[in-house]
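So you know, we letter chains A, B, ... as the sequences are listed, proteins then strands, and number each from 1.
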Amino acid sequence: MTYNPARQFRCTIIRGKAKNALDNLLPAYAKIISDICPSPKDQFALQFNERLSEILGESVEKTLNNHRTEIAGKFFGMYYEDVHGTIISSDRTEKYLEDSDQPAFFKDICFKFQFPNGMDKSENVIEKFSNGVSIRQFPYILKLLVLSEQRGLRLTKDEIGYYVLNSLDVLSGRVDPSVVLDFITSDRNAGIKKKVTVTGKASSYSMQHINEQLNYLELANLIRIDNKIISLNHRENETISFMSDYWNKDPEFNVGGYNLKDSVQRKQFYFDWQLFYSSLNKELKFTTSVDSLNIKVQPSGNGTSVIVDTNLIGEEGENFVLQFEKNRVSSFDHRLVRKVIYLGKTRGLGFDIQSVIAEPGEYSEFVKYIEVKTTKRVTVPDPRDPSWIDTVNLTRNEWVAAAQHRKYYSIYRVYLTPENVTIFTINDPYTKDEEGTIRCKPINYRLDFTNSSIDSVLSS
DNA sequence: GGTACCCGTGCT
DNA sequence: AGCACGGGTACC
């Protein structure tokens, strides 16, 4: 396949609305969708908009619609419409609510994304397809970055834009990444600096979709962007190696199988795409390890940053909280440290750590129960943000324990982010729920049945 | 006319 | 320069 980067082609993705506030919006989207689905389409739209406006504040209906359909629906694939017109919460949403692993959510998206796809309006799908665009662009970029680092080359956002994401030859698939690197190297040596620009258009028209694609790789914890220079996160080598192997594989969803000029087939195309994109391969579950976040703090959080053995943090953050809690209690009264006990391995207690209050006052030596809830995300949470919202799922046992122990019960919400750990402590969630500063809602149904409830027994 | 990606434009 | 509101616009 010949490679001539002068053959430029504008290949867009849906323009984001949720990057700066993503840490609030992604959990919110997920929670809202899971809460109100399954639901008829019109009801879904109504309720989604109502709930989202509580978070975004004063919002125009059209903006809410755009969040719902473009970001949560098309780009994030968080729900789909079934044959009966019912909106269903997708596998991707449910997995995220299960594991609270935001980088893994974006790994799924980066792995599954392709050009052309069913997120565009049909004229744009047809334009991409008829120009021969056919690529899994995220694996391709990763492959290119792996090879470039082997050559000691650091690529810039502008270079990825011009030589890759806006190059028709690359977008058509199968241009060997090493050929692209050769070209970039020789242009660099000749002092040529290329950048995507469209005359008469603002930079957002030519670059925003390119910047945002790289942002999503960063949100997936696979790359870091520093001053426009891109580097791989080598603590994610396993995922990078797995994904980059797909650089020259055909896109999984075959757009060519549909005649998009035909309205019936076009409708089928969008239906099939949404089902494909929002579902997850059962054998393929992306995760984000604590190690890959490269956390460099010590549990006391006293300012001096040291590299800790990430094994001490543990995948669930419980050991980290244990160390944190021991340090906290110790600095109050070192004799009380022996009362800080990890009980997370014991099922059914409704808490992970038994500690002591260790605050001035008559209750200082009273027992305190701590439930640890960990999430992984890419930015450090900011509690001063007025739109702050977060959700944790509690088991029945945990809520019973909160009700029983009241002010002697706390939830420690742990945020594992690149280089950092942040803990929000929520004391006495049960009373807070009564006062309305917290909203606790039962969501699980458990079906117990006996032989009298069985209608038939089927066996081979 | 209504819906929903597309993208000008202005805010940070 | 980055990014998202909400009007723009093409297709239903």
Side-chain angles (χ1 to χ4, degrees), chain A residues 9-26 28-29 40-46 48-49 52-53 55-81 85 87 113 115-129 156-158 160-161 165-166 195-219 225-230 255 258-271 273-274 277-278 378-379 382 384-387:
Chain A
F9 182 84
R10 184 168 179 266
C11 192
T12 58
I13 62 166
I14 286 170
R15 189 172 284 187
K17 296 179 193 299
K19 193 191 173 230
N20 287 339
L22 194 69
D23 285 339
N24 296 354
L25 282 176
L26 180 58
Y29 287 161
K41 199 178 176 187
D42 53 342
Q43 279 299 308
F44 174 78
L46 214 64
F48 184 102
N49 287 14
L52 185 63
S53 68
I55 292 153
L56 292 179
E58 202 75 14
S59 290
V60 170
E61 196 68 22
K62 203 146 190 297
T63 303
L64 297 170
N65 287 340
N66 290 346
H67 273 269
R68 190 185 74 251
T69 58
E70 292 187 85
I71 307 300
K74 286 286 181 172
F75 192 29
F76 289 176
M78 299 181 80
Y79 62 84
Y80 63 92
E81 184 178 347
I87 306 295
F113 206 103
F115 290 126
N117 58 60
M119 300 180 202
D120 297 340
K121 274 225 159 45
S122 59
E123 60 167 345
N124 289 326
V125 184
I126 290 167
E127 201 207 350
K128 287 181 175 110
F129 182 76
T156 66
K157 292 207 303 189
D158 285 347
I160 297 278
L165 288 175
N166 213 53
K195 186 179 161 65
V196 180
T197 47
V198 181
T199 46
K201 295 283 189 181
S203 71
S204 73
Y205 182 85
S206 38
M207 278 303 284
Q208 186 160 355
H209 53 284
I210 290 165
N211 285 332
E212 290 184 354
Q213 284 174 86
L214 292 167
N215 287 344
Y216 290 114
L217 274 176
E218 193 173 30
L219 291 170
I225 305 171
D226 185 20
N227 195 23
K228 291 197 157 207
I229 310 278
I230 299 158
V255 175
Y258 302 83
N259 175 11
L260 296 174
K261 300 248 162 69
D262 176 78
S263 72
V264 175
Q265 286 198 45
R266 192 167 54 227
K267 204 173 166 196
Q268 190 66 41
F269 162 74
Y270 283 115
F271 180 87
W273 166 265
Q274 193 63 14
Y277 183 69
S278 67
V378 282
T379 62
D382 179 8
R384 291 163 305 176
D385 182 343
S387 69

In whole Å, what is the span from the CG atom of A:Asn227 to the C1' atom of C:dG2? 14 Å
Between A:Lys19 and A:Glu212, does at least one N-O distance fall below 4.0 Å, as a salt bridge requires? no
Sugar-phosphate only, base, or nothing, as touched by A:Asp42 at under 4.0 Å among non-hydrogen atoms: nothing
Proximity of A:Tyr79 and A:Tyr29 rings by center, below 6.0 Å: no
Is it true that the side chains of A:Asn166 and A:Arg10 contain a donor and an acceptor less than 3.5 Å apart? no
When the distance from CG of A:Asn20 to C1' of C:dG2 is rounded to whole Å, what number comes out? 8 Å
Earlier contact from the 5' end, DNA chain C, for A:Ser263 and A:His67: A:His67
Are there over 12 heavy-atom neighbours, none belonging to A:Asp42, within less than 6.0 Å of that residue's CG? yes
Its contact letters, B for base, S for sugar-phosphate only and - for none at protein heavy atoms under 4.0 Å, make nucleotides 3-12 of chain B read -BBBBBB---
Run the side-chain donor-acceptor check on residues 260-271 of chain A: report pairs under 3.5 Å with partners two or more places apart or on a different chain.
| from | atom 1 | to | atom 2 | distance (Å) |
| --- | --- | --- | --- | --- |
| A:Asp262 | OD2 | A:Val264 | N | 3.2 |
| A:Asp262 | OD2 | A:Gln265 | N | 2.9 |
| A:Gln265 | OE1 | A:Asn259 | N | 2.8 |
| A:Arg266 | NH1 | A:Leu260 | O | 3.0 |
| A:Gln268 | NE2 | A:Asp272 | OD1 | 2.9 |
| A:Tyr270 | OH | A:Asp120 | O | 2.7 |
| A:Tyr270 | OH | A:Ser122 | N | 2.8 |

Expressed as a whole number of angstroms, how long is the span from A:Glu61:CD to B:dG2:C1'? 13 Å
Once you round it to whole Å, what is the distance between C1' of C:dC5 and CG of A:Leu25? 13 Å
I want to confirm an ordering. Mapping A:Leu260 and A:Thr63 to their closest nucleotides on DNA chain C, which one lands closer to the 5' end? A:Thr63
Within this structure, what is the CG-to-C1' distance between A:Leu64 and C:dG7, rounded to whole angstrom? 15 Å
Considering residues at least two apart in sequence or located in another chain, which fulfil the side-chain hydrogen bond (donor to acceptor under 3.5 Å, both in side chains) criterion with A:Asn215? none
